[in-house]
Enquirer: 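Let me give you the structure first, and then I'll get to my questions.
All values reported here derive from a predicted model rather than from experimental measurement. Numbering of residues begins at 1 and proceeds along the displayed sequence.
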Amino acid sequence: SLSIGAVCLQKPFVMAILRQRKTDDVKGPAAAAAATEEPGMIWREDNGVSKLEPVHPRLPKRLEGKSLPKFTAAQVAKHRTSEDCWVIIDERAYDITSFIQAHPGGVGPIFNMAGKDASDVFANYHSARVYRTMLPAYMVGEVTDMVVEPHVADFRNLRQEMLREGLFKTSYLFYAKLCTWMASLFFCSVALSVGAIGAGATWARLLGGALMGVFWQQLAGLGHDLGHSGVTHDFHTDHIVGSALSCLMGLSIGWWKSDHNTHHVVCNAIEHDPNIQHMPLLAITPKIFEKPFWDTYHKKVVGMDRIARALVSNQHLFFYPFMAFARWNLYIQGIIFLLAQPDKLHYWKTELAGIIFFFVWVFSLAFSMPTWGMAVAWIVVSHAVAGILHVQIVLSHWSMETYHGSPYTTKETEWYLMQLRTTMNVATPPCLDFVHLGLQFQIEHHLFPRLPRHNLRKARTEVLAICKKHGIHYHEPGFFAGNFEMWKALKATALAARKTKCGDAGFFQSALWEGLNIVG
């Protein structure tokens, strides 16, 4: 992989190949098939290994020997409820109503794609095995009027070329080095914390706490990779490893997958993305308190009451200090999810046992300190250092575009454009890639979530070229510039919150919203 990387950094090989292909007049799955030079075949991957597969899955027995029923996209769009859920994948219609509750990735992603073209979402989240063994049973017909925009064709061809070049295959040498690095952080932290190094001096013990925070931050990066099936590319293998790691990080990978998968599908959607729904504490845009709305993920009404107004109005002042304690919220959210089980959940007993073990060893280590004060200081320092992770997580989205409603219904809101409108990268030199955990390439990660972290920089060059070709904005400030953008967005929202007025239902609402709707 290192030799391939060297070639990629020296020459944008994928776009050179794309420019040689004459596929501009070819649309839909045929365009991707043309890139393989084998009609009717397309590149997909199983366990990260690329392979040629038929563009369309085999027909179910009930449709064999018959003409496929014909539908339009508008007809499919009528099937968009939990009781009647269809999706379009590669110009085929599938009735997946009976599969919603069994979906391993949770209900949220399916709910938000109901009645829509899910071709790119599905391709970027599923292996070839799913196309081959699971899709056929749900096929109901063919969609005859699908239109593929030129930039979509280019992004699909880019994915085909990355598959052809084997870039979805994981480098286990990369993860061996990563695990060695994390093990050194953990054991050095423990040695410093218990006094085996540093003779038990206060500075040494607190340094041990700081190193533990770095360990947790780095381990979360591995958890993120596993949560996306981006290591072995096998759902259950990556999931069980991630669940077992709860004993070292205290976080539920099951809760994270439900929350995060939904976030990816409806990134920055006011009513649907759980990653921007933090009322009453925070609001990233005035749109959140324009009027009360139904939060489809948490299943509750969200509005600005007096407590939320007081907090949001000052969020730009306490945001960064709050991030030092934000990890405790993740602990609580994970435990609640494991006990309540509101969504599809795997290996919950493993995770619950792991989280209990985590708190046992963390508090045992902390309270092995000579004084209670030092024990509390160790806990505060370790979690404050780990708090950099929470800044990194929200940085890529919170200053970007937000919107009401459901995306992927027009050519302006299709999959690729929405990822680029709601996500930004962080400009980082290669030597600091390990610090940012791959989160600095959030654009490429959102476009191709199963692409291994160590190949995201290679993909960046080609994604940037496509964006330039089609005049699509590609946002990539530096880390500090990006933080300033985010802080300005939080401040602007805080100032808007101070101007809200109390409505009839007891919620504070935007005066602008009332004006636009001629209230009164």
Enquirer: Does Gln392 reach the side chain of Leu437, with side-chain heavy atoms less than 4.5 Å apart?
Expert: yes
Enquirer: Measure from the ring center of His404 to the ring center of Phe293 and say whether it is less than 6.0 Å.
Expert: no
Enquirer: Measuring only between side-chain heavy atoms, which start at C-beta, is Ile270 closer than 4.5 Å to Thr285?
Expert: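 Side-chain contact under 4.5 Å: yes.
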Enquirer: Angle class for the Tyr125/His228 ring planes (parallel below 30°, perpendicular above 60°, tilted otherwise)?
Expert: tilted
Enquirer: Going by the angle between their ring planes, with limits at 30° and 60°, are His224 and Trp256 parallel, tilted or perpendicular?
Expert: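 Perpendicular.
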Enquirer: State whether the side chain of Thr97 and the backbone N or O of Cys85 hold a donor-acceptor pair below 3.5 Å, judged by distance alone.
Expert: yes
Enquirer: Between the side chain of Asp343 and the main-chain N/O of Val107, is any donor-acceptor distance below 3.5 Å?
Expert: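 Yes, the answer is positive, given that a donor and an acceptor are paired below the 3.5 Å cut-off.
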Enquirer: For Arg44, give me all partners under salt bridge (Lys or Arg N to Asp or Glu O under 4.0 Å), at least two apart in sequence or on another chain.
Expert: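 Testing Arg44 for salt bridge (Lys or Arg N to Asp or Glu O under 4.0 Å), a comparison that skips the adjacent residues, returns Asp90.
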Enquirer: Output the distance between atom CG (Leu158) and atom CG (Leu163), rounded to the nearest 0.5 Å.
Expert: 9.5 Å
Enquirer: Could you check whether any side-chain heavy atom of Val266 comes within less than 4.5 Å of a side-chain heavy atom of Met418, counting everything from C-beta outward?
Expert: no
Enquirer: Are His470 and Glu149 close enough that a side-chain donor and a side-chain acceptor fall under 3.5 Å?
Expert: no
Enquirer: Whether Arg159 engages the ring of Phe168 as a cation-pi pair (distance to the six-membered ring centre under 6.0 angstrom, angle to the ring normal within 45°) should be assessed.
Expert: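 Because its charged atom sits under 6.0 Å from the ring centre and within 45° of the axis, Arg159 does stack over Phe168.
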Enquirer: Is the closest side-chain heavy-atom distance between Leu420 and Phe155 below 4.5 Å?
Expert: yes
Enquirer: Counting C-beta onward and ignoring hydrogens, is there a side-chain heavy-atom pair between Val87 and Phe122 closer than 4.5 Å?
Expert: no
Enquirer: Which one of Val426, Leu395, Asn425 satisfies the side chain to side chain contact (heavy atoms under 4.5 Å, CB included) criterion with Gln440?
Expert: Val426
Enquirer: Does Arg132 have more than 12 heavy atoms from other residues, nucleotides or ligands lying within 6.0 Å of its CZ?
Expert: yes
Enquirer: Per the ring pair (Phe, Tyr, Trp, His ring centres under 6.0 Å) rule, which among Phe71, Tyr94, Tyr138 passes with Trp86?
Expert: Phe71
Enquirer: Counting only N and O atoms by type, is there a donor-acceptor contact under 3.5 Å from the side chain of Arg62 to the main-chain atoms of Ala137?
Expert: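 Flag set: sc Arg62 to bb Ala137 pair under 3.5 Å.
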Enquirer: Evaluate the ring planes of His260 and His263, with Trp represented by its six-membered ring, and classify them as parallel (under 30°), tilted (30 to 60°) or perpendicular (over 60°).
Expert: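 Tilted.
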Enquirer: When you compare the side chains of Ser246 and Glu351, does any donor N or O come within less than 3.5 Å of an acceptor on the partner?
Expert: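 No, Glu351 and Ser246 have no side-chain donor paired with an acceptor closer than 3.5 Å.
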Enquirer: For residues Thr232 and Asp238, is any side-chain donor paired with an opposing acceptor at under 3.5 Å?
Expert: yes
Enquirer: Can you label the angle between the His264 ring and the His445 ring as parallel, tilted or perpendicular, going by 30° and 60°?
Expert: perpendicular
